[in-house]
Student: 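Structure provided below as structure tokens; questions to follow.
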Amino acid sequence: MRELITLHVNGESHELAVLPQRTLLEVLREDMGLIGTKHGCELGECGACTVLLDGVPVLACLTLPLEVQESEITTIEGLEQQGKLHPLQETFAELGAAQCGYCTPGMLLSGAALLQAHPCPTRAEIKEALAGNLCRCTGYTKIYEAVEAASERITSEGGVA
Amino acid sequence: MSKRPRAIIGSPRPKVDAYDKVTGRALYADDIMLPRMLYGRILRSPHAHARILSIDTSQALALPGVVAVLTGEDLPQKFGILPSSQDEYALAIDKVRYVGDPVAAVAALNPDILDEALKLIQVEYEVLPALMLAISTRP
């Protein structure tokens with residue numbers, strides 16, 4: 001039996017009829033068509049399914065939509081604002097921090113959450129914040145550099161992450 | 001001698017799909033959704049080397065939502081990458097040769113019942129000896 005729930009995703013409220021055992025990852029991708037969030041391990045180990053729950057990175061494969069109806073959910077699709085890319089999205093593209101790109105949505109959201117809380121993170125703090133997002137392609141260096149470059153861009157423009 | 005600024009050589013450029021990837025717009029195989037699509041899963045051999053004695057798909061087919069179950073007998077056509085290596089089968093015929101060798105395939109209306117459907121496929125194996133060492137066992 002499907003249950004009627006309301007999810008607040010990327011600034012919009014959606015009323016959905018979902019099977020109670022569905023994970024947030026499945027509902028975002030299959031019921032809402034937001035395929036930017038990726039299936040990785042579906043065990044909670046790889047971070048490909050990372051979304052932000054009230055600004056905090058969580059694993060959508062381990063989250064039940066029924067339990068997050070009060071929260072503001074941000075997916076990769078919601079990172080850009082009115083067509084303007086988040087500085088992290090720009091630096092990831094410019095520095096080549098995305099190769100196959102499959103870990104990228106999760107990396108970007110974890111990175112955005114980090115920069116929101118710590119606008120000038122050290123390399124060690126970046127590594128710690130992104131420790132839950134695995135990447136098989138890049139070797140991580142360019143990703144860390146892209147976070148640092150975004151941090152510089154944000155602080156030099158005097159803007160907010 | 002005049003110096004021309006190097007516009008392309010030596011300057012970094014974003015990959016052609018960089019912006020699709022950082023915005024979540026890039027489509028991967030798992031992202032493709034088509035209207036009324038079916039979902040499939042493969043039943044694989046648990047044995048490294050075994051003869052397939054029988055496969056009973058009747059219970060899996062009877063499961064509501066299962067549209068089709070295929071075995072090697074349904075796909076007898078061999079194929080291969082090279083003209084000289086046309087010895088591959090899509091699904092195992094007669095023998096399985098490694099743990100994970102595909103034995104049967106299920107197509108269903110939704111992905112929830114695929115695991116259950118696979119469990120209902122009854123495969124009878126005669127387990128055969130498997131050579132696991134790369135040393136000659138001939139006298």
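Everything numeric here is computed off the predicted structure, so don't read it as measured data. Letters A, B, ... mirror the listed sequences (proteins, then strands); counts begin at 1.
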Student: Identify which part of A:Gln89 has an atom lying under 4.5 Å from any heavy atom of chain B, answering side chain, backbone, both or neither.
Tutor: both
Student: State yes or no: do A:Met107 and A:Ile154 share one hydrophobic cluster built from I, L, V, M, F, W and Y residues joined by side-chain heavy-atom distances below 4.5 Å, directly or via other members?
Tutor: yes
Student: Above 12 or not: heavy atoms from other molecules or residues under 6.0 Å from CD of B:Glu73?
Tutor: no
Student: Test: side chain to side chain donor-acceptor pair (under 3.5 Å). Region: residues 51-70 of chain B. Which pairs qualify, not counting sequence neighbours?
Tutor: B:Ser54-B:Glu124, B:Asp56-B:Ser58
Student: Taking a hydrophobic cluster as the set of Ile, Leu, Val, Met, Phe, Trp and Tyr residues connected by side-chain heavy atoms closer than 4.5 Å, whether directly or through intermediates, do A:Leu115 and A:Ile143 fall within one such cluster?
Tutor: yes
Student: Could you please state which residues from residues 95-104 of chain B sit under 4.5 angstrom from chain A, measuring non-hydrogen atom to non-hydrogen atom, sorted by number, or 'none'?
Tutor: none
Student: Is the number of heavy atoms from other residues, nucleotides or ligands under 6.0 Å of B:Gln86 CD greater than 12?
Tutor: yes
Student: Give the interface residues of residues 21-33 of chain B toward chain A, defined by a heavy-atom separation under 4.5 Å.
Tutor: B:Lys21, B:Val22, B:Thr23, B:Gly24, B:Arg25, B:Ala26, B:Leu27, B:Tyr28, B:Asp30, B:Asp31, B:Met33
Student: Measure distances from B:Asp20 to the heavy atoms of chain A and classify the residue's part below 4.5 Å as side chain, backbone, both or neither.
Tutor: neither
Student: Please determine whether residues B:Leu91 and B:Leu118 belong to a single hydrophobic cluster, defined as Ile, Leu, Val, Met, Phe, Trp and Tyr linked transitively by side-chain heavy-atom distances below 4.5 Å.
Tutor: no
Student: Tell me whether A:Leu134 is reachable from A:Leu114 by hopping between hydrophobic residues (I, L, V, M, F, W, Y) whose side-chain heavy atoms are closer than 4.5 Å.
Tutor: yes
Student: In terms of heavy-atom proximity below 4.5 Å to chain B, should A:Leu85 be classed as side chain, backbone, both, or neither?
Tutor: side chain
Student: What part of A:Leu79 is in contact with chain B, defined as an atom under 4.5 angstrom from a non-hydrogen atom: side chain, backbone, both or neither?
Tutor: neither
Student: Quick check on A:Glu15: does its CD atom have over 12 non-hydrogen neighbours (other residues, nucleotides or ligands) under 6.0 Å away?
Tutor: no
Student: Take a 6.0 Å sphere around NZ of B:Lys15 and say whether it holds more than 12 heavy atoms from other residues, nucleotides or ligands.
Tutor: yes
Student: So does A:His118 have more than 12 non-hydrogen atoms from other groups sitting under 6.0 Å from NE2?
Tutor: no
Student: Suppose clustering is done on Ile, Leu, Val, Met, Phe, Trp and Tyr with side-chain heavy atoms closer than 4.5 Å. Which residues sit in the same group as A:Leu7?
Tutor: A:Ile5, A:Val9, A:Leu16, A:Val18, A:Leu24, A:Val27, A:Leu28, A:Met32, A:Leu34, A:Val51, A:Leu53, A:Val58, A:Leu66, A:Val68, A:Ile73
Student: Would you say A:Glu70 has more than 12 foreign heavy atoms packed within less than 6.0 Å of its CD?
Tutor: no
Student: For A:Ala93 and B:Ala18, which heavy atoms make the closest approach, and how far apart are they?
Tutor: CB-CB, 3.8 Å
Student: Measure distances from A:Glu30 to the heavy atoms of chain B and classify the residue's part below 4.5 Å as side chain, backbone, both or neither.
Tutor: both
